[in-house]
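To keep things clear, I will list the structure first and then write my remarks on it.
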Amino acid sequence: MAATHEAILANLTNAQRAAVTHRDGALLVLAGPGSGKTTVVTHRMAHLIAGGVPSWQILALTFTNKAAGEMGERMAAMLPRRLTGRGGPTVATFHSFCARQLRQFAEAADLAPRYSIYDEADRRDAIKQAMKQAEVDSTNFTPGAIGAAISNAKNRLLDAQAFAAQASGFREGLITRVYSAYEKILRANDALDFDDLLLRMVRLLRTDEQVRTQLQQRYHYLLIDEYQDTNHAQFVIAHTLAASHGNICVVGDPDQSIYGWRGADISNILEFEQQYSMAKVVPLGQNFRSTGHIVDAAAGLIECNKRRKSKRLYTELGAGERPAVVICRDEQHEAALVADFLRGQSEQHGVVWKEMAVLYRVNALSRVLEEALRTAEIPYVIARGTAFYDRKEIKDALAYLRVIANPNDEVSLRRIINTPSRGIGKTTLKKVELFAIDGQLRLLEALRRAGDMTGLTSRAVNAITKFVQMLEGCHNAAVVEVPRTLAGSKHLARLVEQVIRESGLESAYQRSPTEEDQQRLANLEELISAAAQFVAPPADEQGPELRLLDLLTAFLESVALVSDADLVDPQRGTVTLMTLHTAKGLEFSAVAMIGLEEGLLPHVRAADSESELEEERRLCFVGITRAKRRLQLSRAAVRTHRGIREPTIESRFLGELPAESIVLSDQAGEGVRLDHERDNAVEFPVGSIVRHPKFGLGRVESIMLRAVGASARVAFSTGGTKTLILDFAPLERVE
DNA sequence: CTGGTCATTTTTTTT
DNA sequence: AAATGACCAG
């Protein structure tokens, strides 16, 4: 049954209510951490529907599948049954929404309807290939750097031509050459990378008036989640869709903008009001998640950012416990202390494992933690959504499936042509390639005609023929109509099974008795069951049946677009380990953040630019604000980095936390005396007035917590500002 | 053609 | 430390 207006508005604060009841026109919700953003969003949509808006006119775009799923679920709970699923609101990630539209309007978008989506690894392969073709030396320019430049260009909506037109200098000249070679490869393979999904969608909306008006009319109310993370392409998509009606609601928090490196443009949210002069702005500053000291610590930190709209953060949940700042000897010690912290939460405070998380800046830090948690017998999962699909055997199986769905996908074809090895080696492949170039053939077509080629051993011809026949057999099996229900998924699972068996992947691992290969076999089994459970998202025009090939394509698409955050399963009874980026949008009773060191957080690569430094600070802010009740921040005095053990420098962010809202604990060795250091820091909070026998009266400007001791910057009435070590300076508090 | 050893390179975050 | 790539012996 449909919720009534009153039911929808019950239990909301005035600010939340203002956002929920706003109907037409632009709306900007500035949602601080823990301010009930999802509640506002879902209630707003329910409110629109209760007010007579047909639910299928609503489009909500998010960044992760998990966010989309959660939003969809919470909304479904408020809607009558018939308004969920097809006919209900569309809730999707930017990327999957675009991927689907591009298939639906494939012809208008000038695309093969079953185009492949290349993940990071495929993209890397293709860029390497492009670099070779463009004769760019990979010793001076890594594929990673060039790939990043291309990605950047695409996010700014510069295609290869447009980039070439504005390129200047040697480096950009090189990038231009690689970019156009890369584009040729993608086009020849009927493949898109992640950035293309957005870029091509923009192009479609711009060039095809019919598609544009059709989508504008269909989606009458837009909602964009995590708006601070939108890049220029996403910005254009959102505003083009909203252009005819202006009903656009964006939700976000500039202080949580952490994807600048991916082209996210923080000015999208900072300048929303200029863009829509009639926009209503609703700030949500009250935090319903964390206790006082945690909110204070976070607020104190984020105030150090200069480019920022100031916003008061507060909570009514009581002061709670102070976050602990722990200094450890090395990373093993740090991991052990994290394990102690987690166990303490469980045993002393009754916190369940799933309410705890360990956060870090870079994935590499998870390894030591894993060991420590295993020895401490604390159950954990690492949130790496792609981890499963990154495994070699899975990538191989998926490459077979991709070639079946899209025979032009040569990056995948090359991957599998001799995996498992079937006697089609380098030399043979070279010959076939030459033959293909000669006859203007696609690689697969050339393979098909291997018999016509001169200079191949009969053994090679045999191997090739068998391989091609196998692919054709699988392809033929996929040219059938299947029901659009779970029964259809059975067919999909059977197809996956057929591929795994006939490709020889299965027998290659079956032959081996090693534990590792047995695990690979089990993983392949898991892929089959993933297929069996896959249901294609509802489409606008659909019959009861679809071709198995199209179901396969949808499956491959969903696999390509999984994110790390998607793997965070709130049902699981385990501690979650993840990067700070992945943690955005989540909350836990107890959080441990590790590696608070210069070079790690803030990361080295952000050191030389003020804006990147501010982004690192926001990242730290995001981490702190994940904690509801208890927070431990730690750093190691010594850390092994790429095989080298080195002393570390404390993160500047620790010194920026208000001293009075944290507790310092030095476990690194010589630090028995650190207990009264903490007292010192508490004794002379920022703002307090102090007397020094030599310098006279002064005001404490800031407190810095160091491994060696706390120090304070004090501005004296005599005019000078001095930094004093609290342990030694003869300071006396006056007021 | 395959599977091994040795040298080189990596240096963030992710849809 | 770990992963990738080049090179070489069977």
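Residue numbers start from 1 in every chain, and the chains themselves are labelled A, B, ... in the order their sequence lines are given, proteins ahead of strands.
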Q: Would you mind classifying the nucleic acid contact of N418(A) as base, sugar-phosphate or nothing, using non-hydrogen atoms under 4.0 angstrom?
A: sugar-phosphate
Q.
Under 4.0 Å from OP1 or OP2 of dT14(B): is there any side-chain N or O of T64(A) that close?
A. no
Q: Please figure out whether L198(A) or R422(A) has its closest DNA chain B nucleotide nearer the 5' end.
A: R422(A)
Q: Applying side-chain hydrogen bond (donor to acceptor under 3.5 Å, both in side chains), name anything that partners Y380(A), two or more places apart in sequence or on another chain.
A: E370(A)
Q. Do the side-chain N or O atoms of S421(A) get closer than 4.0 angstrom to the phosphate oxygens (OP1, OP2) of dC1(B)?
A. no
Q. T93(A) has a side chain; which of dT10(B), dT13(B), dT15(B) sits nearest to it?
A. dT15(B)
Q) How long is the line joining CG of D119(A) and C1' of dT15(B), in whole Å? A) 11 Å
(Q) I want to check one thing: is the phosphate of dC1(B), taken as OP1 and OP2, less than 4.0 Å away from some side-chain N or O of T427(A)? (A) yes
Q. Does some side-chain heavy atom of R361(A) sit less than 4.5 Å from a side-chain heavy atom of H581(A)?
A. yes
Q) Over how many whole Å does the gap from K154(A) atom NZ to dT14(B) atom C1' extend? A) 16 Å
Q: Before giving the answer on side chain to side chain donor-acceptor pair (under 3.5 Å), spell out for N305(A) and R617(A) the whole-Å C-alpha distance, their side-chain angles and the decisive distance to 0.1 Å.
A: CA-CA 8 Å; N305(A) 271 2; R617(A) 192 176 281 112; 2.6 Å; yes
Q | Beyond-backbone contact of R123(A) with S151(A), side-chain heavy atoms, under 4.5 angstrom | A | yes
Q) Roughly, in whole Å, what's the span from CG in N231(A) to P in dT14(B)? A) 16 Å
Q: Indicate for each nucleotide in nucleotides 1-10 of chain C, in 5' to 3' sequence, whether protein heavy atoms under 4.0 Å reach the base (B), only the sugar-phosphate (S), or nothing (-).
A: BS--S-----
Q | K154(A) vs D196(A) side-chain heavy atoms within contact, under 4.5 Å | A | yes
**Q.** Rounded interatomic separation in angstrom, taking CG from N65(A) and P from dT14(B)
**A.** 15 Å
(Q) Any base atoms under 4.0 Å from F194(A), or only sugar-phosphate, or nothing? Heavy atoms, all strands. (A) base
Q: Could you measure between the two P atoms, the one in dT4(C) and the one in dT13(B), and give it in whole Å?
A: 15 Å
Q.
Does the structure show F94(A) stacking with dT15(B), if we require the centres to be closer than 5.5 Å and the planes to be within less than 30 degrees of parallel?
A. no
Q: Measure the distance from CG on L600(A) to C1' on dT13(B) and round it to the nearest whole Å.
A: 12 Å
Q | Proximal nucleotide (of dT15(B), dC1(B), dT12(B)) relative to the T428(A) side chain | A | dC1(B)
Q: Just call it for N363(A): base, sugar-phosphate, or nothing, with non-hydrogen atoms closer than 4.0 Å on any strand.
A: sugar-phosphate
Q. When all nucleic acid strands are considered with a 4.0 Å heavy-atom cut-off, which category describes V604(A): base, sugar-phosphate, or nothing?
A. nothing
Q: Specify the separation, in whole Å, of atom CZ of R262(A) and atom P of dT13(B).
A: 13 Å
Q | Nearest-nucleotide comparison on DNA chain B, the residue closer to the 5′ end among Y259(A) and R124(A) | A | R124(A)
Q. Starting at CD of E598(A) and ending at P of dT12(B), how long is that distance when rounded to a whole Å?
A. 17 Å
Q) Does the cation-pi check pass for R103(A) over Y115(A), that is, NZ or CZ under 6.0 Å from the six-membered ring centre and within 45° of its axis? A) yes
Q.
Classify S96(A) by what it touches in the nucleic acid, base, sugar-phosphate, or nothing, heavy-atom distance under 4.0 Å.
A. nothing
Q: Check whether NZ of the Lys or CZ of the Arg R262(A) lies under 6.0 Å from the centre of the six-membered ring of Y259(A) and within 45 degrees of that ring's axis.
A: yes
Q) Side chains of V362(A) and H603(A): closer than 4.5 Å at any heavy-atom pair? A) yes
Q. When the distance from NE2 of H581(A) to C1' of dT15(B) is rounded to whole Å, what number comes out?
A. 12 Å
Q | Selected nucleotide, minimal atom distance to H95(A) side chain, candidates dT15(B), dT13(B), dT12(B) | A | dT15(B)
